[in-house]
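The structure appears right after this line, and notes come after that.
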Amino acid sequence: MSDTSRIFEQGYRRYDGPRLGRWAAVRSVWKHTVQRVLGLRRSARHKVLPFLAILFAYLPAIAFIGILALVPADADQARDLAPTYSQYYGFVTAAIALFIVFSAPEALCPDRRHRSMSLYLASPLTRETYLLAKALAVFTVLCLVTIGPLLLLLIGYVLQTNGPDGPVGVLAQLARILGAGAAVALFGTAFALALASLTDRKGLATGGALIVLFGTHIVGGVTAFVLDLSNAAIMLSLFVAPFEVAARILDAPNGGTAATSTPNLTVFVAALAWTALFSMLVYVRYASLQVTR
Amino acid sequence: MPGPVVVAEQVAKRWGSTQALTSATFTIGRGITGLLGANGAGKTTLLTLILGLHRPDGGRLLVLGADPVQAGPAVRARIGYAPEHDALPPDVAAHDVVRHIAEIHGLPGRVATARASDALYEVGLGEERFRPVGTMSTGQRQRVKLAQAIVHDPALVLLDEPTNGLDPVQRDQMLALIRHVGHDLGLDVILSSHLLDEVERVSDAVVIIEQGHATVGGRMDELRNAGNTELVVSLDDPAGATVLVSALQRRRVASSDAGQGTVVVALADDAVFDAVRDEVAAAGLGVRAMKVRTRSLEEVFLAGQTGAR
């Protein structure tokens, strides 16, 4: 063969290169799921909901930063109207809920509906590593709306001298934002996967998630404030629990939502208990799943 | 020389009240092995055990030299699997599905991308590989399933009823592809099927599963030749058949007159050839044809059933 001629199409051949092991499999499932949940590499209609949710999550931050940019630097009263980080969650709760309810079921339901689980479990993946990859993917996507907007807010506030003082203050605030966002995303991930694990139909998972979200909110609210049994009962509400944790991590140590008088320990234990309960449900559902028939 | 691909010793598996496998003992070697049995015989159960997805209730199973339950991920990394049912997401392009499966079997991203195209091309899908799976015909989807099973160059390919839903032409093409994978690409294949002729056409060896038992197992040529093999002698003169049968019986060689000048001789050993030659020559009979009749897989299957009972 001459120096200028090359064979481009070699066809199927044996492979003796490196094989990357189970963590590469986890990474691949993570990447594939993130793409799927966000509608990437799919038709435009699959992108509408996730990108609307992301837009709704970031829009208030962009608006507040824009307004601050227009307000004179010495107009302290006007600048005080800018929301705190924990207050910001109040603006984007709907966007986060939208993401959890509509987009997250996309991570689990189709694999069971199309019976692709048999292909996944015929690989180096186990049920546990498969679920880990799926959970990481949903967690990653949720972080886009639980951490991203607050980071944008932090950057905007710092640039407009409305943020924490000095590098240490900025770093501390950054850590709080990451911690709070991660806590909300973890809670949302466990909740979304638990609902999605109960059915292979996305519509049912979404409907179920909405019913559980509003149902627990009503039960928590009635128990805490109508029956006046205990203020802590509001932690039964899945709308309140994650955001109360986030508020206490961020800048409202005494509470940022309806659970104001509830002790920190109760708040964190309640959120942790919810997360553990949802995770356990997912694990139990998948441990007994028959995949090859 | 590499050892057997699968070794099963007294493997048992129960699902609730159903005993899916009962003391299944067999060895699967290199090449294409048909796993033959009726629906519900325990074939899919056996495949799940080979994949290490479930633990046998009893016995010992070795796949590629390892216990598939203990070394599950490592064993499965070297196995390609195409399930019986539809398992492909309909809204994803075939190439993306196959590349993803290559990646989860440990191939680096760029290699996975290239090999996905190669594997799909190998099964006869060219430009169609960029179409969503849901827009493909049943035959094309079966090809995609085969492509994802071979994309990572596995040591063992498990195909569960790969011709399900195919018309006769597509079925022939799929069987030709399986033969190509096993013989030309050199991958060891276990073909699970309830269709006897399908297994007979492509397999080098067979394991017959019946009601959870492995009733027959071995190389196809050995099974066909084993026991009850017959020598069929066609004579010019129909009347000569009686003469030949009498002469052979005097020499204690079992034979019978099948009519129209045909004598069927039990081929107990090679000495029978000499006996037939000598008696034909002594009687001065004209021989039109003489051939060894081996058993069909159906006869092997039926003999296995009889043996199991």
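This is a predicted model, so every value here is computed, not measured. Each chain gets a letter, A, B and so on, in the order its sequence line appears, and its residues count up from 1.
For residues 94-102 of chain B, heavy-atom neighbours of chain A at less than 4.5 Å comprise Asp96(B), Arg99(B), His100(B), Ile101(B), sorted by residue number.
When the options Asp153(B), Asp118(B), Asp184(B) are evaluated for a salt bridge (charged side-chain N to carboxylate O under 4.0 Å, His left out) with Arg13(A), the one that passes is Asp118(B).
Under a cut-off of 6.0 angstrom, the local environment of CZ in Phe214(A) is sparse, with at most 12 non-hydrogen atoms contributed by other residues, nucleotides or ligands. For Gln211(B), the CD atom is loosely surrounded, since the number of other residues' heavy atoms within 6.0 Å does not exceed 12. Within 6.0 Å of atom CZ in Phe56(A), 12 or fewer heavy atoms from other residues, nucleotides or ligands are found, so the atom counts as exposed in its surroundings. For Arg201(A), the CZ atom is loosely surrounded, since the number of other residues' heavy atoms within 6.0 Å does not exceed 12. Dense packing is recorded around OH of Tyr15(A), with more than 12 heavy atoms of other residues, nucleotides or ligands lying under 6.0 Å away.
With a threshold of 4.5 angstrom between heavy atoms, Arg36(A) approaches chain B through side-chain atoms but not through N, CA, C or O. Of the two parts of Arg113(A), neither the backbone nor the side chain holds a non-hydrogen atom closer than 4.5 Å to a non-hydrogen atom of chain B. Neither the backbone nor the side chain of Leu158(B) comes within contact range of chain A; no heavy atoms are under 4.5 Å apart. Using a 4.5 Å cut-off between heavy atoms, Arg14(A) touches chain B through backbone and side chain atoms alike. The parts of Pro154(B) that come within reach of chain A are both its backbone and its side chain, each placing non-hydrogen atoms under 4.5 angstrom from that chain. Of the two parts of Val75(B), neither the backbone nor the side chain holds a non-hydrogen atom closer than 4.5 Å to a non-hydrogen atom of chain A.
Side-chain atoms of Leu51(B) and Leu121(A), non-hydrogen and from C-beta on, never get closer than 4.5 Å to each other. Counting heavy atoms from C-beta outward, Pro83(B) and Arg115(A) have side chains that stay 4.5 Å or more apart. Counting only heavy atoms from C-beta outward, the side chains of Leu187(B) and Tyr12(A) approach each other to under 4.5 Å. Side-chain contact between Leu20(A) and Pro108(B) is present, with heavy atoms from C-beta onward closer than 4.5 Å. The shortest side-chain heavy-atom distance between Pro73(B) and Thr126(A) falls under the 4.5 Å cut-off.
Applying the side chain to side chain donor-acceptor pair (under 3.5 Å) criterion to Asp172(B), with sequence neighbours excluded, gives Arg201(B). Taking the salt bridge (charged side-chain N to carboxylate O under 4.0 Å, His left out) definition, one finds that Asp86(B) meets it with Arg141(B), sequence neighbours left out. Residues passing the salt bridge (charged side-chain N to carboxylate O under 4.0 Å, His left out) test with Arg60(B), sequence neighbours excluded: Glu9(B).
Residue Ile104(B) comes nearest to Leu119(A) through the heavy atom pair CD1-O, 4.3 Å, listed as atom of the first residue, atom of the second, then distance. In terms of heavy atoms, Ala122(A) sits closest to Tyr81(B) at CB-CD2, 3.5 Å.
Interface summary for chain A: among Lys145(B), Glu103(B), Arg78(B), the most heavy-atom pairs under 4.5 angstrom belong to Glu103(B). Among Ala25(A), Ser28(A), Pro18(A), the residue making the largest number of heavy-atom pairs under 4.5 Å with chain B is Ser28(A). Highest contact tally toward chain B, considering only His46(A), Arg127(A), Arg41(A), is held by Arg41(A) [criterion: heavy-atom pairs under 4.5 Å]. For the set Asp91(B), Val151(B), Ile79(B), the count of heavy-atom pairs under 4.5 angstrom toward chain A peaks at Asp91(B).
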Which is it for Ser123(A) and His152(B) under the side-chain contact (heavy atoms from CB on, under 4.5 Å) test, yes or no, and what are the steps along the way? CA-CA 11 Å; Ser123(A) 76; His152(B) 55 289; over 6 Å; no
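Note: His85(B) NE2 to Ser116(A) OG = 9.0 Å, rounded to the nearest 0.5 Å.
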